[in-house]
Amino acid sequence: MSDTSVRKEAKPKAYKPSELEARWQARWAETDLYKTDEDPDKRKHYALTMLPYPSGDLHVGHWYAMTPSDTRARYMRMRGYRVFFPIGFDAFGLPAENAAIQRGIHPHDWTYANIENMRGQLRQMGTMFDFDAEVVSCDPEYYKWNQWFFVKFFEKGLAYRKEAPVDWCPRDNTTLAREQVVGPDRVCERCGTPVIKKNLPQWLFRITDYVEELLDFSNLDWPERVETLQKNWIGRSEGAEIKFVIENFGDIEVFTTRPDTLFGATFFVMSSEHPAVAEITTDEQRPEVEAYVERASRMSEIDRTDVTREKSGAFTGAYATNPANGASIPVYIADYVLMGYGTGAIMAVPGQDERDWEFAEKYDLPIIRTVKPPEDFDGKAYVGEGLAMNSGFLDGLEVEEAKERMTRHLEAEGKGRATVTYRIRDWLISRQRYWGTPIPIIHCPDCGPVAVPEEDLPVLLPDEAEFMPTGESPLKLDPEFRNTTCPKCGGPAERDTDTMDTFMDSSWYQYRYLSPHYDDAPFDPERGKKWLPVDQYTGGVEHAVMHLLYTRFFTKVMRDLGLVDFDEPMERLFNQGIILGPDGNRMSKSRGNVVNPQDYVDKYGSDVLRSYLMFIGPWNEGGPWDGGGIEGVARWLRRTTTLVSGEPTSAEADPSELDRRTNRLIKKLTGDIEAFRFNTSIAALMEQTNFLLAIKGKVGEKEWDAALHNFALVLAPFAPHHAEEIWNELGEEKSVHLQSWPEWDEAAIFEETITLIVQVNGKVRDRIEAPADIEEEAAKELALASENVRAQMDGKKIRKAIYVPGRLVNLVVS
RNA sequence: GCCGGAGUGGCGGAAUCGGUAGACGCGCCGGACUCAAAAUCCGGUUCCCUCCGGGGAGUGUGGGUUCGAGUCCCACCUCCGGCACCA
């Protein structure tokens, strides 16, 4: 017992990551270490991670999104850039209001309490976020500029009000943008409730004015996946609008991408919602048509859009004239023709269209092939390439040429014209909810909708609000808010009681970060010149057709308003994956597979959690959480703290490798971070740690010291607290995070000897140490001298010998 | 149905240019330390055969190109994601 005290003293000091991290975080805060560097002589780098919704606590998904992003921002800073890396809160939205309805807490209080809580958690994360730049979108100081933008859009004709059938979520009690309605069942993106159509006057933004520009990705370094999603969403298709004369009525236009098949149009189909249906229907057919329209309108969206359902329709009794050949063709209505696309009417060409074929078969309508299918074709409608047939002046032409000829012909005859149709609709902005930015419009019985004058902004969201269990908008029920006077004529008028889609907030937040308290404009133009646009954006791919499309649109409008002088908000984008629960499913409370990051921060510290999340696999892939796997990372980081003062391990390693390995590590990490390959970075850092501990005490002091300095430097972006601790133990006073990223010496990486692979007929038979610059002849001699090779040769002749310098010899024998 | 992405040990994954498949880590096995355990450290760990020299098979399946294929080409299977009657 008497010697225990002696042994205790000899032990290295206890490793307590939470103590270590708290100590450094306090020190960093004291020294303003992460205050944004404004040095004008440095190149700028604006790094941005998607801002979180203040739901209450940071979850592991936030860690997965933010900490690798932080690693890269730290790396850029060490590379000599001045780096701006802000964070904020996307603080408007329904959960706050639902909390109000369910628990009687005001959305404001709920939101700000959550923000307060999450601020603390964000700081504990140990990132280099500049908290001075923080933006909270539900603050009047912020949403005033939402309103300002709305007014600008309104003045430019980019915001307009329209009464039309819109998507309504009966559970969230609000309209939705088309982008927020998802899946074949057309459900609300937030809550999964099937949406219904409602006729309401709504504000829309004319994003369709910018479609052509939004299709241009040539100056963007964005994932192809996002590009494809946006292109598909915009859904550009080239074709023609063709006028059909309807007997006893007039013209109805159709849109088609296949004008070349016009000679094969044997019937005409309109959407049951087409406004001309009632007028063209003959008395005889009216009962049948009305019954069909009635049935179609009552059918749920789910049934209507079920592709597997048999086609159905009704004959209107009317006839149209095919403008190509003068044939009289019957006019049908059918629900497979959508009112929301093209003109809501089509020419049906069963010979070249599968849906039309199906319809023709059911209603026994004629089918004419106008494109010659290949000899072996035995299908029904033929949609492929081929020569035109049964098509008069088009016969014998390829599809592309026939399209063009027909379009020119129709244009000359005044019966049609080339046109482009898009799938994308204008962005519906109005929401019938309380917790959002009030739409700054006053409805005057005499002047119509009038914008609130700039000097009267912001239109404040009233604090007092009654939250109905039905979810009905409290603003509607608030006469004090609602009743006002018209800014134009001074007469009594009413405010718009809708609020804006919260995607409005996130469409321009990256600009507000620059000067969150600036009072004269959405952002300080001087700050803009210094920092814009965003250089590197990171976030989830789920925002591809909403946020990421809206913010591109916004930037283009801002450019046209003279606010910015570039076209795209974020030059480079990276999509991280999703971190799943241990069971491989998406984390959710109902599944009970939610991983709480705080548990791991408490146990292992922030460095371990962030390093583990980077180590788990490629960042863009995400993956299931493995609670056991994190142990390995925890062990590794603990070992790094023994580098300076701890004991060496007894593993075998060659100390003369030190310089080469250090240089190789720097090179590897540089390439990895540039390409977001954090998982292999961590692996390389682990390898180096194992190596360093094995050779500890076996190399010169100077060499050892240099190696540890370099190790701390390259560790810094990944495990900022541990790196700082090592750096400090090495006797350095100035933070490791203010140092430059080390350079590597390519010459030091060069190896003098290589392992020459010797193959016989492509199979590895031996591995021989050889000089790196070994000549072909010498390499072959070495190969032939090998016992293993000779055993394989056994009386056979060498036909050929392949030599790959510095790598292998392959002897081809038979 | 269409458009993407992906299939590699027991598990997460590595192999960046067609040239040693399985880096790094988890788990497991064995050893050291310990009265013992935990922690820690060391070694081993794709599978099958083996006379312990080595041999055979192997990156979803089947073909192909090549001296050589996880990597390139063709056909297919499975999983994940997106879109879905868009004329």
Side-chain angles (χ1 to χ4, degrees), chain A residues 182-184 223-225 228-229 231-233 235-237 239 254-258 261 269 304-309 311 334-338 340-349 352-356 358-359 421-423 541-542 544-545 577-578 584 612 615-618 620-633 635-636 638-639 642 647-652 668 671-672 675 677 679-687 689-690 693-694 755-767 787-788 791-792 799-804 806-813:
Chain A
V182 296
E224 218 178 284
R225 179 147 170 237
T228 308
L229 283 169
K231 281 182 175 166
N232 289 346
W233 185 258
R236 182 184 200 275
S237 54
V254 301
F255 173 74
T256 179
T257 55
R258 295 294 303 273
T261 63
V269 191
R304 267 198 82 160
T305 52
D306 181 1
V307 197
T308 56
R309 211 178 98 242
K311 297 260 172 302
D335 58 13
Y336 81 92
V337 175
L338 310 172
Y341 185 78
T343 62
I346 61 157
M347 62 183 216
V349 189
Q352 273 76 232
D353 185 286
E354 281 158 9
R355 296 153 301 178
D356 296 345
E358 202 190 312
F359 196 84
T421 293
Y422 304 91
R423 201 180 86 111
V541 73
E542 66 273 18
V545 294
I578 299 167
Y612 174 62
F615 182 62
I616 207 166
N620 58 328
E621 283 175 24
W625 174 266
D626 173 7
I630 195 171
E631 287 284 350
V633 175
R635 278 176 208 149
W636 162 60
R638 191 191 51 73
R639 280 155 65 94
T642 68
E647 295 296 310
T649 62
S650 55
E652 291 266 330
K668 164 104 184 124
D672 277 358
R677 283 191 298 259
N679 56 329
T680 50
S681 296
I682 303 277
L685 285 163
M686 287 173 167
E687 221 168 334
T689 307
N690 293 341
L693 283 172
T755 307
L756 184 74
I757 304 306
V758 181
Q759 299 183 332
V760 176
N761 289 340
K763 291 200 168 167
V764 178
R765 292 301 173 188
D766 209 348
R767 299 171 169 88
E787 291 275 341
N788 291 343
Q792 293 297 321
R799 299 278 167 213
K800 205 171 170 185
I802 313 283
Y803 175 61
V804 182
R807 291 227 137 156
L808 65 76
V809 172
N810 185 13
L811 303 169
V812 185
V813 305

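Each chain gets a letter, A, B and so on, in the order the sequences are listed, and its residues count up from 1.
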Please measure how far the [atom1] atom in [N] lies from the corresponding atom in [M], and state the result in whole Å.
N	M	atom1	value
B:C35	B:C26	P	27 Å
B:G19	B:A37	P	49 Å
B:C33	B:C51	C1'	39 Å

For [X], report the nucleic acid contact type (base, sugar-phosphate, nothing); a contact means any heavy atom under 4.0 Å.
X	result
A:Arg423	base
A:Ser237	sugar-phosphate
A:Arg236	nothing
A:Val812	sugar-phosphate
A:Ile802	base

Looking at A:Asn788 and A:Arg765, would you say the former's side chain and the latter's main chain have a donor-acceptor pair under 3.5 Å? yes
For the side chain of A:Ser681 and the backbone of A:Arg677, is there at least one donor-acceptor N/O pair under 3.5 Å apart? yes
Heavy atoms from other residues, nucleotides or ligands near CZ of A:Arg807 exceed 12 (cutoff 6.0 Å): no
I'd like to compare against my own output: the B/S/- annotation of nucleotides 2-16 of chain B with a strict under-4.0 Å heavy-atom distance to protein. ----------BSS-B
Sequence-aligned protein contact record of nucleotides 39-44 of chain B, with B where the base is within under 4.0 Å of a protein heavy atom and S where only the sugar-phosphate is: -SSSS-
Taking syn as a glycosidic torsion within 90° of 0 and anything else as anti, which one is [N]?
N	result
B:C17	syn
B:G53	syn
B:G9	syn

Can you tell me how far apart CZ (A:Phe359) and NZ (A:Lys311) are? Round to the nearest 0.5 Å. 9.5 Å
Please check if the distance between the ring centroids of A:Trp636 and A:Tyr612 is under 6.0 Å. no
Do A:Asn690 and A:Arg639 get their side chains close enough for a donor-acceptor pair, meaning under 3.5 Å? yes
Derivation of the side-chain contact (heavy atoms from CB on, under 4.5 Å) call for A:Gln759 and A:Ile802: CA-CA 9 Å; A:Gln759 299 183 332; A:Ile802 313 283; over 6 Å; no
Would you kindly give the CD-to-P distance between A:Glu687 and B:G25, to the nearest whole Å? 8 Å
Whole-Å gap separating P (B:C85) and CZ (A:Arg258): 20 Å
Between B:G19, B:A87, B:A57, which nucleotide gets closest to the side-chain atoms of A:Lys763? B:A57
Closest approach to the side chain of A:Tyr336, judged atom by atom: which nucleotide of B:C85, B:C67, B:U20 is it? B:C85
Once pairs are restricted to Watson-Crick or G-U wobble with both distances under 3.5 Å, how does RNA chain B read as a dot-bracket string, [ ] for crossings and | for other-strand pairs? (((((((..(((......[....)))((((((.......))))))((((....))))..(((((..]....))))))))))))....
Presence of A:Arg765 side-chain N/O under 4.0 Å of B:G55 phosphate oxygens OP1/OP2: yes
At less than 4.0 Å, is any side-chain N or O atom of A:Lys800 found next to OP1 or OP2 of B:U66? Yes or no. no
